[in-house]
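Just so it is clear, the values below take in all heavy atoms, side chains as well, and ignore hydrogens, waters and symmetry mates.
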2 protein chains.
Amino acid sequence: MAAKPPQDEIEAEEASAAPPLDVGRLGDLLGFHLRMAHVAIYRDFADTMEELGLTQKQLAVMELVAGNPGASQIDLANTLGTDRATMMALVNRLAARDFIERHPSAADRRRQELHLTKAGRAMLARARKLINTHEQRFIDLFSADEMDGLLAALKRIYKGG
Amino acid sequence: MAAKPPQDEIEAEEASAAPPLDVGRLGDLLGFHLRMAHVAIYRDFADTMEELGLTQKQLAVMELVAGNPGASQIDLANTLGTDRATMMALVNRLAARDFIERHPSAADRRRQELHLTKAGRAMLARARKLINTHEQRFIDLFSADEMDGLLAALKRIYKGG
DNA sequence: TATTGTTATACTCTATAACTATA
DNA sequence: TATAGTTATAGAGTATAACAATA
């Protein structure tokens, strides 16, 4: 329902209801195009995952816990670039839905080791299938070389050259 | 304060305080890298504009109004991909700071034509200077050809093929 | 002292729904 | 009917500050 780009540009289709404004200087800003692209994918993700009720960030947390059993909230926060309080709220939502469990660490009793529950693993499996079709929509826009270049560029931005 | 990536990967630097987790399957997702890159630029933007108190979206609205005097909230919402209520809140904040004025349209009295105030134009001029230095940090990461390719790829994502 | 989890607080963003005025 | 603005509401994300327990 969200992205819904005009796949074929029908010339006969006169001025749509949405008059596109002149983006002016915005068009020169990397941040602007990055934000627009992010929003497009974010919405397609949200639409795709609507039936599961999982956001991009919630899925990221579940994938990280799945791949790093026993990770702490601080570990997740550092990896995803948020702070402790934000991650707390995120994990709380997932714990409330019984997807993630907290277990006190024996080695360091300040830490809570995070693990997926059985329900969490089942949800993740369902999510991965939906994600594949979601990703494919965007993969199809590019050749393999183009996609490699795009991913490399994005990594350079957030890993810092 | 935000992005702060390790510019040089010093081998002697032993395990930092932030243990990076295995991103696992996330690393294969375009949406994940796009989100991380967006967050990095978003934070650098926020840090850069802290003294002015302008967000990416607020600046986008001001640039659009500057380039399209008399545009309505609906026009802005359609261009930036949000809905009326979200744009209403955005414009309210800018109007409360006396950067934007609403004037009823003579042609269609349902519409409010938006214009920058004198203070808004002054703020935009200050913002543009700060944005240039912010953008330059990321432009420097790429060659001209690389940047062209990156922008083209991002546009393809949100304009849809 | 520093770190981890936690709680409280607040602001922003986002979206939906419903209402008013106008077309 | 449809559109533009508006208001109310709610959930999610984000960040800061403070505290307790532990290192």
Side-chain angles (χ1 to χ4, degrees), chain A residues 1-2 15-19 35 38-40 42-43 45-47 49-50 53-61 70-97 100-114, chain B residues 1-2 15-19 35 38-40 42-43 45-47 49-50 53-61 70-97 100-114:
Chain A
M1 178 185 281
S16 72
R35 181 178 163 269
H38 174 247
V39 167
Y42 177 86
R43 295 213 172 141
F45 185 99
D47 291 341
M49 304 296 269
E50 191 173 25
L54 278 185
T55 66
Q56 266 188 332
K57 252 160 276 190
Q58 289 170 347
L59 172 92
V61 166
S72 70
Q73 293 177 179
I74 279 282
D75 295 335
L76 299 178
N78 288 338
T79 303
L80 295 180
T82 70
D83 64 310
R84 285 175 297 164
T86 301
M87 187 53 63
M88 184 76 197
L90 243 169
V91 172
N92 277 347
R93 274 173 228 125
L94 292 170
R97 293 172 71 187
I100 285 185
E101 284 175 338
R102 294 179 169 107
H103 301 293
S105 164
D108 182 343
R109 280 156 43 205
R110 290 174 303 183
R111 296 168 72 93
Q112 297 270 15
E113 298 180 348
L114 302 177
Chain B
M1 179 186 280
S16 72
R35 182 178 161 270
H38 174 247
V39 167
Y42 178 87
R43 294 212 173 145
F45 184 98
D47 292 340
M49 304 295 269
E50 192 173 23
L54 278 185
T55 67
Q56 267 188 331
K57 253 161 276 192
Q58 288 171 346
L59 172 92
V61 167
S72 69
Q73 293 177 182
I74 279 281
D75 295 336
L76 298 178
N78 288 337
T79 303
L80 295 179
T82 69
D83 63 309
R84 286 176 296 166
T86 301
M87 186 54 63
M88 183 77 197
L90 241 170
V91 172
N92 278 348
R93 274 173 231 126
L94 292 171
R97 293 172 70 186
I100 285 185
E101 283 175 338
R102 293 178 169 107
H103 301 293
S105 165
D108 182 342
R109 277 156 47 204
R110 290 174 305 182
R111 296 169 72 94
Q112 297 270 15
E113 298 181 346
L114 302 177

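In this structure A:Ala60 satisfies the side chain to side chain contact (heavy atoms under 4.5 Å, CB included) test together with A:Leu80, B:Leu26, sequence neighbours excluded.
Using a 4.0 Å cut-off, some side-chain N or O of B:Arg102 falls inside it from OP1 or OP2 of D:dT6. Between B:Arg111 and D:dA4 there is a side-chain polar atom (N or O) within less than 4.0 angstrom of OP1 or OP2. One finds a side-chain N or O of A:Gln73 lying less than 4.0 angstrom from the OP1 or OP2 phosphate oxygen of C:dT6. For the OP1/OP2 pair of C:dT12 and a distance below 4.0 Å, the side-chain nitrogens and oxygens of B:Lys57 include no atom meeting the criterion.
Counting to the nearest Å, the C1' atom of D:dA15 and the CE atom of A:Met87 are 14 Å from each other. One interatomic measurement links the two molecules: CG of A:Asn92 to C1' of C:dT9, which rounds to 15 Å at whole-angstrom precision. The separation between A:Leu59 atom CG and D:dA12 atom P is 16 Å, rounded to whole Å. Residue B:Leu76 contributes atom CG, which lies 12 Å from atom P of D:dA4 at whole-angstrom precision. One atom, CZ of A:Arg97, and another, P of D:dG11, lie 14 Å apart when rounded to the nearest Å. Following rounding to the nearest Å, A:Asn78 (CG) and C:dT3 (C1') show an atom-to-atom distance of 11 Å. Rounded to an integer number of Å, the gap from CD1 of B:Ile74 to P of C:dA23 is 16 Å. Atom CG in B:Asp47 sits about 15 Å away from atom P in D:dT14, given to the nearest Å.
Using a 4.5 Å cut-off on side-chain heavy atoms (C-beta onward), A:Gln58 and A:Arg97 make contact.
Between the side chain of A:Arg110 and the base of C:dT3 there is at least one donor-acceptor pair of N/O atoms closer than 3.5 Å. Residue A:Arg109 places no side-chain atom within donor-acceptor reach of the base of D:dT22, judged by atom type and a 3.5 Å distance cut-off alone.
Heavy atoms of B:Asp83 sit under 4.0 angstrom from at least one base atom. Here B:Ser72 lies in heavy-atom contact (under 4.0 Å) with sugar-phosphate atoms only.
Atom CZ of B:Phe45 sits in a crowded spot, with more than 12 heavy atoms from other residues, nucleotides or ligands closer than 6.0 Å.
With 3.5 Å as the limit, one finds no donor-acceptor pair spanning the side chains of A:Ser105 and A:Asp108. Side-chain N/O atoms of B:Arg102 and B:Asn92 include a donor and acceptor closer than 3.5 Å.
Not a single donor-acceptor pair under 3.5 Å links the side chain of B:Asn78 to the backbone N or O of B:Asp75.
Ranking C:dG5, C:dT16, C:dT14 by closeness to the A:Met88 side chain, first place goes to C:dG5. Comparing C:dT22, D:dT22, C:dT14 by their closest approach to the side chain of A:Asp108 singles out D:dT22. Taking only side-chain atoms of A:Arg84, from C-beta outward, the nucleotide of D:dT14, D:dA18, D:dG5 with the closest atom is D:dA18.
Nearer to the 5' terminus of DNA chain D, by closest-nucleotide assignment, is the contact made by B:Gln112 (compared with the other of B:Gln112 and A:Thr86). Two residues, A:Ala71 and B:Ala107, neighbour DNA chain C, and the one matched to the more 5' nucleotide by heavy-atom proximity is A:Ala71.
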